[in-house]
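Accompanying notes for the structure given below.
Since this is a predicted model, take the numbers as computed values, not measurements. No hydrogens, no waters, no symmetry mates; every other heavy atom, side chains included, goes into these values.
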Amino acid sequence: MSEINKFWAVLKQKKWLTNNIIELQFQKPKNFEYMAGQFVQWRIIEPENAALRPYSLSSAPYQDELEFCVKILPEGRGSALAEKIQVGEILEFQGPKGQFINRE
């Protein structure tokens with residue numbers, strides 16, 4: 001079984017791009033490396049249970065921030081987290097994951 005890579009990132013900026021799309025910018029954790037095309041799984045903690053939701057990174061690997069563009073869906077658990085998280089709060093996530101990358 002492979003090791004799960006867990007990370008925590010602080011929200012630096014939150015911006016509504018449209019009435020149903022939010023851009024979230026987090027400080028990239030030290031030692032977190034990924035390749036363009038990969039995704040992470042947000043850990044969503046609720047009183048009754050926890051869940052993982054996949055989100056593609058919209059930032060480039062060389063940037064100091066991790067960016068996500070999140071479409072807000074009714075009753076979506078990740079959507080609810082994206083709407084309520086505030087600047088300075090922490091997101092827990094796992095990854096990177098996925099093989100949809102450009103191999104040289």
Side-chain angles (χ1 to χ4, degrees):
M1 186 177 287
S2 66
E3 180 180 324
I4 297 173
N5 295 317
K6 292 183 182 180
F7 295 92
W8 293 263
V10 176
L11 182 63
K12 291 177 60 178
Q13 184 176 359
K14 178 178 180 177
K15 181 168 65 172
W16 285 90
L17 301 179
T18 68
N19 67 337
N20 67 343
I21 297 178
I22 300 175
E23 179 183 76
L24 300 173
Q25 183 183 85
F26 294 88
Q27 180 64 43
K28 185 176 8 177
K30 292 179 190 235
N31 301 323
F32 179 73
E33 296 179 7
Y34 67 99
M35 297 170 62
Q38 289 190 298
F39 68 95
V40 299
Q41 290 182 300
W42 292 7
R43 184 158 189 253
I44 300 166
I45 302 168
E46 295 176 342
E48 60 276 359
N49 58 17
L52 296 173
R53 292 294 183 266
Y55 283 94
S56 295
L57 293 145
S58 57
S59 51
Y62 59 82
Q63 290 178 278
D64 292 331
E65 293 82 23
L66 298 177
E67 292 181 355
F68 301 92
C69 288
V70 179
K71 183 173 184 176
I72 303 302
L73 301 173
E75 314 227 3
R77 293 176 79 183
S79 296
L81 185 147
E83 284 187 292
K84 80 175 183 185
I85 193 168
Q86 297 298 312
V87 171
E89 293 184 339
I90 296 172
L91 172 72
E92 181 181 342
F93 66 92
Q94 297 177 3
K97 298 183 178 206
Q99 298 300 316
F100 187 65
I101 56 176
N102 181 21
R103 298 194 191 279
E104 296 193 29

Any sub-3.5 Å donor-acceptor pair from Lys14's side-chain atoms to Ile85's backbone N or O? yes

Residues clustering with Leu17 (ILVMFWY side chains joined when closer than 4.5 Å, directly or via others): Ile21

If you measure from OH on Tyr62 to NZ on Lys28, what distance do you get to the nearest 0.5 Å? 10.5 Å

Return each pair, listed once, that meets side-chain hydrogen bond (donor to acceptor under 3.5 Å, both in side chains) where at least one residue sits in residues 64-76; pairs must be two or more places apart or across chains. Lys12-Glu65, Gln25-Glu67

Would you please classify the geometry between the Phe93 ring and the Phe7 ring as parallel, tilted or perpendicular, with 30° and 60° separating the classes? parallel

Indicate, with yes or no, if Leu24 and Ile44 share a hydrophobic cluster defined by side-chain heavy-atom contacts under 4.5 Å among Ile, Leu, Val, Met, Phe, Trp and Tyr. yes

Heavy-atom closest contact (Arg77 atom, Ala50 atom, distance): NH2-C, 4.2 Å

Is it true that the side chains of Lys97 and Gln41 contain a donor and an acceptor less than 3.5 Å apart? yes

Glu23 side chain vs Cys69 backbone, donor-acceptor pair below 3.5 Å: no

Hey, could you give me the CG/CD distance between Leu52 and Gln94, rounded to the nearest 0.5 Å? 4.5 Å

Count the heavy atoms belonging to other residues, nucleotides or ligands that lie under 6.0 Å from CG of Asn31, then report whether that count exceeds 12. no

Sidechain-backbone polar pair: Gln13 side chain, Leu11 backbone, donor-acceptor under 3.5 Å: no

Give the minimum heavy-atom separation between Ser56 and Phe68, together with the two atoms involved. O-CD2, 3.3 Å

Nearest 0.5 Å, please: how far is CG in Asn5 from CD in Glu33? 11.0 Å

Check whether any side-chain heavy atom of Leu81 lies under 4.5 Å from a side-chain heavy atom of Val70, and answer yes or no. no

Does Leu66 reach the side chain of Pro29, with side-chain heavy atoms less than 4.5 Å apart? yes

Joint cluster assignment, Val10 & Val87, ILVMFWY side-chain distance < 4.5 Å: no

Walk me through whether Phe26 and Ser59 qualify under side-chain contact (heavy atoms from CB on, under 4.5 Å). CA-CA 10 Å; Phe26 294 88; Ser59 51; over 6 Å; no

Rounded distance (nearest 0.5 Å) linking atom CZ of Arg53 with atom CZ of Arg43: 12.5 Å

If Ile, Leu, Val, Met, Phe, Trp and Tyr residues are connected whenever their side-chain heavy atoms lie under 4.5 Å apart, and connections chain through other members, are Met35 and Leu57 in the same group? no

